[in-house]
Undergrad: 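Here's a structure for you.
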Amino acid sequence: MTNTWQDIKNANVVVVMGGNAAEAHPCGFKWVIEAKIENGAKLVVVDPRFTRTASVADYYAPIRPGTDIAFLNGVIHYLLEHDKIQHEYVRSYTNASLIVKDGFDFQDGLFTGYNEETRTYDKSTWDYDLDKDGFARSDDTWQDPRCVINLLKHHVSRYTPEMVSRICGTPQDKFLHVCELIASTSTPDRAMTSLFALGWTQHSVGAQNIRNMAMVQLLLGNIGVAGGGMNALRGHSNIQGLTDVGLLSNQMPGYMNLPTDKETNFDIYMSTRQFKPLRPGQISYYQNTRKLFVSFMKAFYGDAATQENNWAFDWLPKLDIPLYDIIKAFEMMNNDQITGYICQGFNPLQAFPDRGKIRRGLSKLKFLVTMDPLDTETSRFWQDFGPQNPANSAQIQTEVFQLPTTCFAEENGSLVNSARWLQWHWKAADAPGVAMSDIWIMSGIFHRIRELYRKEGGAFPDPILNVTWKYTDPISPDPEELAKEMNGRALADLTDPATNTVVTKAGTLLDGFGQLRDDGTTSSGCWIFSGCFTEKGNQMARRDATDPREQGIAPNWAWAWPANRRILYNRASADPTGKPWNPAKPVISWNGTKWVGIDVPDYTPTLAPSAGASPFIMNDEGLGRLFARKLMAEGPFPEHYEPLESPVENPLHPKVQNNPAARVFADDRAAFGSPKNFPYVATTYRLTEHFHFWTKHALINAILQPEEFVEVGEVLAKEKGIVQGGWVKVSSKRGEVICKAYVTKRIKPLIVDGKPTHVIGVPLHWGFTGQARKGYGANTLTPSVGDANTQTPEFKAFLVNIEKTSAPVAA
Ligand SMILES: Nc1nc2c(c(=O)[nH]1)N[C@H]1C(S)=C(S)[C@@H](COP(=O)(O)OP(=O)(O)OC[C@H]3O[C@@H](n4cnc5c(=O)[nH]c(N)nc54)[C@H](O)[C@@H]3O)O[C@H]1N2
Ligand SMILES: Nc1nc2c(c(=O)[nH]1)N[C@H]1C(S)=C(S)[C@@H](COP(=O)(O)OP(=O)(O)OC[C@H]3O[C@@H](n4cnc5c(=O)[nH]c(N)nc54)[C@H](O)[C@@H]3O)O[C@H]1N2
Ligand SMILES: [Mo]
């Protein structure tokens, strides 16, 4: 989230599109109700199904799964046509005026630079026209046809209300009413918040869905302000923490990227990361990258990371491909390229697409280790559970080790919530049986591997042998000690270069990442967490709810990264002179000498507005990006591409049907179905009564939602003779699920490209372990396709068929 849960109450319009917050985030959803009651906010829901969120909305519009870009580009078209943008914000704070390089173009569904063989783009033309000093040229009068705003206008001109309706199936009047509600927040005194989750991310165009709404929010002046922002409602209680500490194959803590195999030395690695400002007088925060990186390496390798060995740069793994995501890992297993798998807190047999392919991959492993408090489907993948898991046990040689772990309630630690708050929690009970903490298990594996390297040498022992491990209890490091390591400390006396006096003594815990240095005198295991555990104590354990302006900012409740800032980009909540756009809900303002307000400024605290630096200091141009320079895999503007399995030809450019850069492996193409055999669109989702695949182990949840079902609209049910509670067979090119039908008014057919299109809803929670009745799970049906930027699977839009069937014998 750019903002916080509490801040939602400040919104005038709440758009829930790409998620179902009332069902999946029922506690946080109270702030939406607060916005409605206390602030007269209008709640707008755009979802293929009339959801629990829709049931309390002021306005609901249906949409075909996988078509949000057509909708949102249509919104941008509407805002520009009706002149409903916040002009001063757009001119001062976005890249609308910057001029794009000659050579950049978009033709018939492709941007300049596409290579069909590699399915990637050469992005060299996706850039600004730079002058001789390396600054981006601009035209504040917006006359130049190549300035971003004009290219954007041209790009979205195809997304007329007729075209939106033809692609999305949303009736034109409903689309236009949503546009009006959104446009009502283009004035400085009104804000809209965007709440989204997997309805947007789980698509082959997932990242562009989110960018598209971020562009809408920039045009409306809704980023950085109270009640505004892009608010990703995250999943597991600590999934925000997972990405923060870099648990993705291409990342290090604090969103630093691992080097690639082309970055053969430290200088090359640094040269592409310390972004030079693209406009005169601009601040570009990533010029500090060296300090963040060196401090991280000091936390990791301690005394072994020195100036002489480039802070141990050579010991970092170098990526030979963009990343080893999970879809890729299972592809490699299927191709005998991965033979061992450690599966910690993860149940891929239920959670990842094309379950048949997942099972085949696991069957090829030599060994599988699961670390989990529960007995999961993944650890039982080899066992024959009938049609729900038709494994041929005798043929499977994989050796499986189940290591039972504790869970969060059985240990101290911190969880990072969607609002980036690190909240400390305390152990509530001892773990049952022989369960051990994840830290104890991983620490044990580490010590044993290091011992093997010590004894036997091996190909490249240095990266393992040199890791620092100075914990009081090296067998089971204490969570507080680990938190302090993340926070960072001074490794030597730190002096102020101006006065040459010692300002921070060696050994002191740092107050924040502003103190980090690039000469090896500081350490921090995760720079964005620096400040969470200081000499004043554990900031994450704070529980003071005082909210000075009653505006949803309680600065002494827990601790938010970065720097305890609650609203990201909050410099943009004030106009170019430093006065709040909306004086009724100020966040920060310039008092003549410094930035003051209810939040920690997202800006240099004493830099006057007259200095002319723009608010978005994490971007090298300092501006919010309507045109994403070189960043995204499939283009600097979002474009509508059909899901890999879709019922229609792409009405905009049939020759480029799907996202040309999506993660698709050649051998999976044979597993894609066509609308001829699989005429219905399916989407998968959650129910409040279950949490993924664990709560089916708890009797009370299993009683609340005992068995697998699919949702079918009344019209289709009638057509197919399907009755309420009757048995159906849902099939895709990859497999079939036999379960009960829930016939509902909440899913209506949509007219897409002139034809009625039916959507089938598939809740995801069932499997073959636990207390609930046995089920197949939604991923028996889903295709192995990933988003072009994040590789998140396309769980939300694929093709199926449905037929009524008789009760299975064993049911
Ligand atoms: N009770 C409960 N709560 C949970 C979880 C749980 O398992 N149980 N899981 C947690 C996790 S890990 C996560 S990531 C979050 C997920 O939170 P959500 O994303 O809110 O959860 P989903 O149920 O996947 O909801 C997706 C919604 O998107 C809609 N949708 C599908 N396709 C499209 C589309 O193309 N466009 C649009 N606009 N909408 C679409 C679906 O109809 C559905 O209503 O929930 C978290 N909260
Ligand atoms: N079709 C379809 N598939 C989906 C989705 C969808 O919307 N549609 N959603 C996707 C999403 S967003 C997610 S997040 C995934 C979820 O997929 P998973 O994360 O694989 O699902 P969970 O059941 O949450 O599994 C987590 C496991 O962690 C264990 N666990 C809990 N606490 C601890 C602990 O402290 N330590 C250890 N070691 N283990 C612990 C639990 O017992 C559980 O078995 O599913 C994805 N799959
Ligand atoms: Mo999730």
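Both ligands and their constituent atoms are indexed starting at 1 by order of listing.
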Undergrad: Can you list the steps and then say if N212 with N73 is a side chain to side chain contact (heavy atoms under 4.5 Å, CB included)?
TA: CA-CA 7 Å; N212 217 176; N73 271 343; 3.1 Å; yes

Undergrad: Strictly below 4.0 Å, N to O, side chains only: are D58 and K36 in salt-bridge contact?
TA: yes

Undergrad: Give me the nearest non-hydrogen protein atom to atom 9 (N) of ligand 1 as residue plus atom name, then the distance to 0.1 Å.
TA: R686 NE, 2.8 Å

Undergrad: Would you say ligand 1 has an N or O under 3.5 Å from any N or O of H692?
TA: yes

Undergrad: Check this for me - ligand 1, N20, N or O atoms closer than 3.5 angstrom, yes or no?
TA: yes

Undergrad: If the plane angle is over 60° it's perpendicular, under 30° parallel, otherwise tilted; pick one for Y680 and H758.
TA: perpendicular

Undergrad: Return yes or no for this condition: an N or O of Y685 is under 3.5 Å from an N or O of ligand 2.
TA: no

Undergrad: For E377 and K696, what are the C-alpha separation, side-chain angles and deciding distance, and is it a salt bridge (Lys or Arg N to Asp or Glu O under 4.0 Å)?
TA: CA-CA 12 Å; E377 279 78 5; K696 62 179 158 55; 2.7 Å; yes

Undergrad: If you count the atoms of ligand 2 from 1 in the order shown, which ones are under 4.0 Å from a heavy atom of T684?
TA: 1 (N), 2 (C), 6 (C), 8 (N)

Undergrad: Using heavy atoms and a threshold below 4.0 Å, how should the contact between L687 and ligand 1 be classified: side chain, backbone, both, or neither?
TA: backbone

Undergrad: When you check the side-chain N and O atoms of S204 and E794, is any donor under 3.5 Å from an acceptor?
TA: yes

Undergrad: For atom 46 (C) of ligand 1, find the nearest protein heavy atom and state the residue, atom name and distance (0.1 Å precision).
TA: A24 O, 3.7 Å

Undergrad: Within a distance under 4.0 Å of any heavy atom of V46, pick out the atoms of ligand 1 and give their elements.
TA: 38 (N)

Undergrad: Taking distance alone, with no angle check, do E411 and ligand 2 share an N/O pair under 3.5 Å?
TA: no

Undergrad: Under 6.0 Å from the CZ atom of F408, do we count more than 12 heavy atoms belonging to anything else shown?
TA: no

Undergrad: Looking only at distances, please establish whether an N/O atom of ligand 2 is found under 3.5 Å from an N/O atom of T782.
TA: no

Undergrad: Which atoms of ligand 1 are found less than 4.0 Å from any heavy atom of H690?
TA: 1 (N), 2 (C), 6 (C), 7 (O), 8 (N)

Undergrad: Number the atoms of ligand 1 from 1 as they appear, then name those within less than 4.0 Å of a heavy atom of T688, with their elements.
TA: 1 (N)

Undergrad: Where on T53 is there a heavy atom closer than 4.0 Å to ligand 1, on the side chain, on the backbone, on both, or on neither?
TA: neither

Undergrad: Could you list which atoms of ligand 2 come closer than 4.0 Å to a heavy atom of C407?
TA: 32 (N), 35 (O)

Undergrad: For ligand 2, is any non-hydrogen atom under 4.0 Å from F693's backbone (N, CA, C, O), its side chain (CB onward), both, or neither?
TA: both

Undergrad: Taking 4.0 angstrom as the limit and counting only heavy atoms of T406, give me the atoms of ligand 2 inside it, by number and element.
TA: 34 (C), 35 (O), 36 (N)

Undergrad: Among all protein heavy atoms, pick the one closest to atom 39 (N) of ligand 1 and tell me residue, atom and distance.
TA: P48 CD, 3.4 Å

Undergrad: Which bit of N347 is near ligand 2, meaning a heavy atom under 4.0 Å away: side chain, backbone, both or neither?
TA: both

Undergrad: Report, in ascending order of atom number, the atoms of ligand 1 lying under 4.0 Å from any heavy atom of G66.
TA: 34 (C), 35 (O)

Undergrad: Considering only the protein, which heavy-atom contact is closest to atom 11 (C) of ligand 1, and what is its distance?
TA: G235 CA, 3.1 Å

Undergrad: Under 4.0 Å from a heavy atom of H765: give me the atoms of ligand 1 that qualify, with their elements.
TA: 7 (O)

Undergrad: Might you point out which heavy atoms bring N412 and P479 nearest each other, and give the distance in Å?
TA: O-CG, 3.5 Å

Undergrad: Would D372 count as a polar contact of ligand 2, with the cut-off being nitrogen or oxygen pairs under 3.5 Å?
TA: yes

Undergrad: What's the shortest distance from atom 27 (C) of ligand 1 to any protein heavy atom, and which residue and atom give it?
TA: D47 OD2, 3.6 Å

Undergrad: Could you check whether Q771 and N701, counting side-chain N and O atoms only, form a donor-acceptor pair closer than 3.5 Å?
TA: no

Undergrad: Could you list the atoms of ligand 2 found under 4.0 angstrom from a heavy atom of H236?
TA: 14 (S), 16 (C), 19 (O), 22 (P), 24 (O)

Undergrad: Could you tell me the residue and atom name of the protein heavy atom closest to atom 33 (C) of ligand 1, and the distance to it rounded to 0.1 Å?
TA: G199 O, 3.6 Å

Undergrad: Name the closest protein heavy atom to atom 31 (C) of ligand 1, giving the residue it belongs to and the distance to 0.1 Å.
TA: T683 OG1, 3.2 Å

Undergrad: Any side-chain donor-acceptor pair under 3.5 Å between T201 and K796?
TA: no

Undergrad: Describe, in one word, how the ring planes of F330 and Y341 are oriented to each other, choosing from parallel (under 30°), tilted (30 to 60°) and perpendicular (over 60°).
TA: perpendicular

Undergrad: Atom 37 (C) of ligand 1: which protein heavy atom is closest, and how many Å away?
TA: D68 OD2, 3.5 Å

Undergrad: Table please: side-chain donor-acceptor pairs of residues 710-717 below 3.5 Å, with sequence neighbours left out.
TA:
| residue | atom | partner | partner atom | Å |
| --- | --- | --- | --- | --- |
| E711 | OE1 | R746 | NH2 | 2.8 |
| E711 | OE2 | R49 | NH1 | 3.3 |
| E711 | OE2 | Y685 | OH | 2.5 |
| E714 | OE2 | K745 | NZ | 3.1 |

Undergrad: Let me see the working for E642 and S646 under side-chain hydrogen bond (donor to acceptor under 3.5 Å, both in side chains), right down to the final yes or no.
TA: CA-CA 6 Å; E642 288 290 329; S646 135; 2.8 Å; yes

Undergrad: Go through ligand 1 atom by atom and flag the ones less than 4.0 Å from a non-hydrogen atom of A197.
TA: 17 (O), 18 (P), 19 (O), 20 (O)

Undergrad: Within a distance under 4.0 Å of any heavy atom of L198, pick out the atoms of ligand 2 and give their elements.
TA: 12 (S)

Undergrad: What is the ring orientation for H765 with F693, classed by angle as parallel under 30°, tilted 30 to 60°, or perpendicular over 60°?
TA: tilted

Undergrad: Please determine if G18 has a nitrogen or oxygen closer than 3.5 Å to a nitrogen or oxygen of ligand 1.
TA: yes

Undergrad: Counting heavy atoms only, which part of H203 comes closer than 4.0 Å to ligand 1: side chain, backbone, both or neither?
TA: side chain

Undergrad: Does atom CD1 of I700 have more than 12 heavy-atom neighbours from other groups under 6.0 Å away?
TA: no

Undergrad: Side chain or backbone, does T376 bring an N or O within less than 3.5 Å of an N or O on ligand 2?
TA: no

Undergrad: Can you name the side chain to side chain donor-acceptor pair (under 3.5 Å) partners of D375, sequence neighbours left out?
TA: R380, Q402

Undergrad: What are the atoms of ligand 1, with element, lying closer than 4.0 Å to any heavy atom of T51?
TA: 44 (O)

Undergrad: Between M442 and M371, what is the shortest heavy-atom contact and its length?
TA: CG-CE, 4.1 Å

Undergrad: Could you pull out the closest heavy-atom pair between S414 and W424, with the gap in Å?
TA: CB-CE3, 3.7 Å

Undergrad: Hey, is ligand 2 close enough to M371 that some N/O pair sits below 3.5 Å?
TA: yes

Undergrad: Go through the steps to decide whether L781 and F798 satisfy the test side chain to side chain contact (heavy atoms under 4.5 Å, CB included), and finish with yes or no.
TA: CA-CA 9 Å; L781 302 169; F798 55 96; 3.8 Å; yes

Undergrad: Say whether L764, considering both its backbone and side-chain N or O atoms, lies within less than 3.5 Å of an N or O atom on ligand 2.
TA: no

Undergrad: What atoms of ligand 2 come closer than 4.0 angstrom to any heavy atom of K796?
TA: 6 (C), 7 (O)

Undergrad: Hey, are N20 and R686 close enough side-chain-wise for a donor-acceptor pair under 3.5 Å?
TA: no

Undergrad: Show the atoms of ligand 2 that are less than 4.0 angstrom away from any heavy atom in F346.
TA: 20 (O), 27 (C)

Undergrad: With the side chain counted from C-beta on, respond yes when R355 and L349 share a heavy-atom pair under 4.5 Å apart, and no when they do not.
TA: yes

Undergrad: Does some side-chain heavy atom of E23 sit less than 4.5 Å from a side-chain heavy atom of F29?
TA: no

